[in-house]
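Note sheet for the following structure.
These numbers come from a predicted model, not from an experiment.
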Amino acid sequence: MAAAVGLVFALLVIFQMSSSVSALSSNYYEQTCPKLESAVTNAVKKAMMNDKTVPAALLRMQFHDCFIRGCDASVLLASKGKNKAEKDGPPNISLHAFYVIDNAKKAVEALCPGVVSCADILALAARDAVALSGGPTWDVPKGRKDGRISKASETRQLPAPTFNISQLQQSFSQRGLSLKDLVALSGGHTLGFSHCSSFQNRIHSFNATLDVDPTLNPSFGSSLRTVCPAHNKVKNAGATMDSSTTTFDNVYYKLLLQGNSLFSSDQALLSTRETKALVSKFASSQEMFEKAFVKSMIKMSSISGGQEIRLDCKVVR
C-alpha cells in the first residue's frame with residue numbers, strides 16, 4: 001500500500017512538472033510584450049551599478065520562491081493584517097533587493113499593462129543576475145502565473161544550510177528535482193555572502209567531542225571562528241560564499257573539494273559517490289557546470305505556481 005501511495009505521489013510530481021513546462025514558452029510574450037526582457041535587464045543592470053550584492057539576492061529569491069508553492073512570486077507578497085507572508089519567515093528575513101523586481105514591474109507595466117506576471121519577471125531577473133555576473137545566459141520559458149497565498153509558516157519547507165544529503169535529496173525530489181539538479185543548483189553559492197548563524201554549527205560545539213567540524217580545512221575553520229566568535233554580537237558578521245563572490249564561476253566546487261565550504265549542506269555533497277563525482281566534474285570544467293546549471297534552473301523555475309497576473313508584485317487585489 002505504501003509503495004502504491006509513493007508511486008502515486010511520484011507520478012503526481014512528474015505530472016505537475018510536465019504540465020507546468022508544457023504551459024510555458026520562450027516566446028510567450030512575443031506579440032503582447034516584445035520589449036519585456038530588455039526592460040527587466042535594464043532594471044537589474046541599474047541596481048547592480050549601486051549594489052554588488054543584487055545578483056546573489058535575486059538568484060536566492062528565485063530559489064526560495066520556487067520551493068514554496070511553485071514559482072508564483074508569492075515570496076514577493078507583503079504581510080497583511082494577521083497573515084505573516086513568506087518574506088517574513090525566518091529563512092527569508094535576510095532576502096533583499098525586492099525593489100529590483102518592483103522597478104522592473106513598473107517599467108514593464110508602462111510598456112504593456114496587465115500582461116506580464118511578477119513570477120516571470122523574477123525568473124528573468126534571476127537569469128540576468130547570473131549572466132551579468134559573468135555566467136551563462138539562457139532562454140527563459142515564460143507564461144507563469146502569480147499566486148495569492150503567502151505564509152511565513154511554509155518557509156519551514158525550504159532546505160536548510162544544516163541539512164544532510166538525505167534531507168537535501170528528499171527536499172529536491174519532492175519538487176521533481178534530481179541529485180544532479182541539487183549539485184548543479186548548489187553552484188549558485190558561487191555568488192553572495194552568509195551570516196554566521198548559517199554555519200555556526202560547524203565552527204562551535206560541532207558535537208560532544210569536537211568544537212569544529214573535522215571536514216573543514218583547519219585554517220579556514222580558524223578564520224571563520226575569528227569572524228564569527230561563539231557569542232557573536234555583530235549583526236552583519238559572516239563570510240563570502242567563495243573567494244570570487246561577485247563572479248559566477250565554478251570556484252565554489254574547487255573550494256568545496258579543499259574543505260573550504262561554509263554550510264553543512266555544501267559539505268553534504270561530498271558524502272555520496274554520485275554527488276561527489278558531480279562536484280569533481282564541475283570543479284574541473286566550468287563549461288560542464290554552466291550547462292548543468294542552466295538545465296537545472298530551467299527545470300526548477302518551471303515548477304507550477306499561481307493562477308493570475310498581479311499588477312503590483314507586493315499586493316493581492
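- Contact check on E109 versus K105 returns a salt bridge, with a Lys/Arg side-chain nitrogen under 4.0 Å from an Asp/Glu carboxylate oxygen.
- No side-chain donor-acceptor contact under 3.5 Å links H64 to the backbone of E86.
- L59 and L158 fall within a single hydrophobic cluster, where Ile, Leu, Val, Met, Phe, Trp and Tyr are joined by side-chain heavy atoms under 4.5 Å apart, directly or via other members.
- The distance from the OH atom of Y99 to the NZ atom of K314 is 13.5 Å, given to the nearest 0.5 Å.
- Hydrophobic cluster membership is shared by M300 and L95, with clusters built from Ile, Leu, Val, Met, Phe, Trp and Tyr side chains linked at under 4.5 angstrom.
- Looking at P136 and F248, their side chains come closer than 4.5 Å, going by heavy atoms from C-beta outward.
- How far CG of N250 is from CD of E290: 8.0 Å, rounded to the nearest 0.5 Å.
- Between L270 and T275, the closest heavy-atom pair is N-OG1, 4.5 Å.
- The backbone N or O of K35 sits less than 3.5 Å from a side-chain atom of S38, completing a donor-acceptor pair.
- Proximity of a side-chain donor or acceptor of T190 to a complementary backbone N or O of T247 within less than 3.5 Å is detected.
- Seen from the ring of F98, K87 counts as a face-on cation partner, given the 6.0 Å and 45° thresholds.
- At least one donor-acceptor pair closer than 3.5 Å links the side chain of K142 to the backbone N or O of V140.
- Between D249 and S244, the side chains place a donor N or O and an acceptor N or O closer than 3.5 Å (distance only, hydrogens not considered).
- Looking at N92 and T155, their side chains never bring a donor and an acceptor atom within 3.5 Å of each other.
- Residues V279 and L262 do not share a hydrophobic cluster, clusters being chains of Ile/Leu/Val/Met/Phe/Trp/Tyr side chains in contact below 4.5 Å.
- Residues F206 and D211 are not in side-chain contact: their nearest non-hydrogen atoms beyond the backbone lie 4.5 Å or more apart.
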>> Between S280 and L257, does the side chain to side chain contact (heavy atoms under 4.5 Å, CB included) criterion hold? Intermediate values first, please.
In response: CA-CA 8 Å; S280 298; L257 291 171; 4.0 Å; yes
>> Please evaluate residues T162 and N201 with respect to the criterion side chain to side chain donor-acceptor pair (under 3.5 Å), reporting the C-alpha separation (whole Å), side-chain torsions for both, the decisive distance (0.1 Å), and the verdict.
In response: CA-CA 8 Å; T162 54; N201 66 302; 5.8 Å; no
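- The same ILVMFWY cluster, assembled from side-chain heavy atoms under 4.5 Å apart, contains both V130 and V294.
- Judged purely by distance below 3.5 Å, without hydrogens or angles, the side chains of R60 and S94 pair a donor atom with an acceptor atom.
- Of all heavy-atom pairs between I203 and G221, the closest is CG2-O, 4.3 Å.
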> Can you check side chain to side chain contact (heavy atoms under 4.5 Å, CB included) on V116 and L111, steps first, answer last?
Replying inline: CA-CA 10 Å; V116 181; L111 292 170; over 6 Å; no
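- Considering OG of S264 and CD1 of I165, their distance stands at 12.0 Å, rounded to 0.5 Å.
- Around the CD atom of E287, the shell of radius 6.0 Å holds no more than 12 heavy atoms that belong to other residues, nucleotides or ligands.
- Atom CZ of R202 is separated from atom CG of L224 by 8.5 Å, given to the nearest 0.5 angstrom.
- Looking at D65, its side chain never comes within 3.5 Å of a backbone N or O of M61 through a donor-acceptor pair.
- Hydrophobic cluster membership is shared by L177 and L278, with clusters built from Ile, Leu, Val, Met, Phe, Trp and Tyr side chains linked at under 4.5 angstrom.
- Looking only at side-chain heavy atoms (C-beta outward), P55 and M48 come within less than 4.5 Å of each other.
- Using cut-offs of 30° and 60° for the angle between ring planes, the F63 and F172 rings count as tilted.
- The shortest non-hydrogen separation linking D213 to T215 is OD1-OG1, 2.7 Å.
- Without hydrogens or angle criteria, N207 side chain to L210 main chain gives a donor-acceptor distance under 3.5 Å.
- Annotation: ring-ring contact (aromatic ring centres under 6.0 Å, His included) contacts of Y252 (sequence neighbours excluded): H189.
- D146 places no side-chain N or O within 3.5 Å of a backbone atom of A73 that could act as its donor or acceptor partner.
- Residue pairs meeting the ring-ring contact (aromatic ring centres under 6.0 Å, His included) criterion with at least one partner in residues 129-157, sequence neighbours excluded, do not occur; the list is empty.
- Using a distance-only test at 3.5 Å, with no hydrogens or angles considered, no donor-acceptor pair links the side chain of R69 to the main chain of S150.
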> Do V108 and V40 pass the side chain to side chain contact (heavy atoms under 4.5 Å, CB included) test, and can you show the C-alpha distance, the side-chain angles, and the key distance before you say yes or no?
Replying inline: CA-CA 8 Å; V108 171; V40 175; 4.2 Å; yes
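- Considering only residues two or more places apart in sequence or on other chains, S219 meets the side chain to side chain donor-acceptor pair (under 3.5 Å) condition with N217.
- Considering only heavy atoms from C-beta on, V316 comes within 4.5 Å of R310 through its side chain.
- For the pair V251/S243, a side-chain contact is recorded, criterion being any heavy-atom separation below 4.5 Å from C-beta on.
- Closest approach of L58 to A125, counting heavy atoms only: CD1-O, 4.0 Å.
- Judged by distance alone, the side chain of R144 and the main-chain N or O of S301 form a donor-acceptor pair under 3.5 Å.
- Surrounding CG of D139 are at most 12 heavy atoms belonging to other residues, nucleotides or ligands under 6.0 Å away.
- For the pair T245 (side chain) and D242 (backbone), a donor-acceptor distance under 3.5 Å is absent.
- Note on R175 versus D181: no salt bridge recorded, every NZ/NE/NH1/NH2 to OD/OE distance being 4.0 Å or above.
- Taking 4.5 Å as the limit, some side-chain heavy atom of P141 sits within range of a side-chain heavy atom of I298.
- The minimum heavy-atom distance between A152 and A85, with the atom names listed, is CB-O, 3.3 Å.
- Summarising the geometry, atom OH belonging to Y253 is positioned 15.0 Å from atom CD belonging to Q258; distances are rounded to the nearest 0.5 Å.
- With values rounded to the nearest 0.5 angstrom, I309 atom CD1 is found 4.5 Å from S117 atom OG.
- Between the side chains of D120 and Y29, a donor-acceptor pair is found at a separation under 3.5 Å.
- Looking at every heavy atom in both residues, L168 comes nearest to P159 through CD2-CB, 4.2 Å.
- The side-chain heavy atoms of M297 and R127, taken from C-beta on, include no pair separated by under 4.5 Å.
- Here the side chains of S296 and K180 are not in contact, with every heavy-atom distance at 4.5 Å or above.
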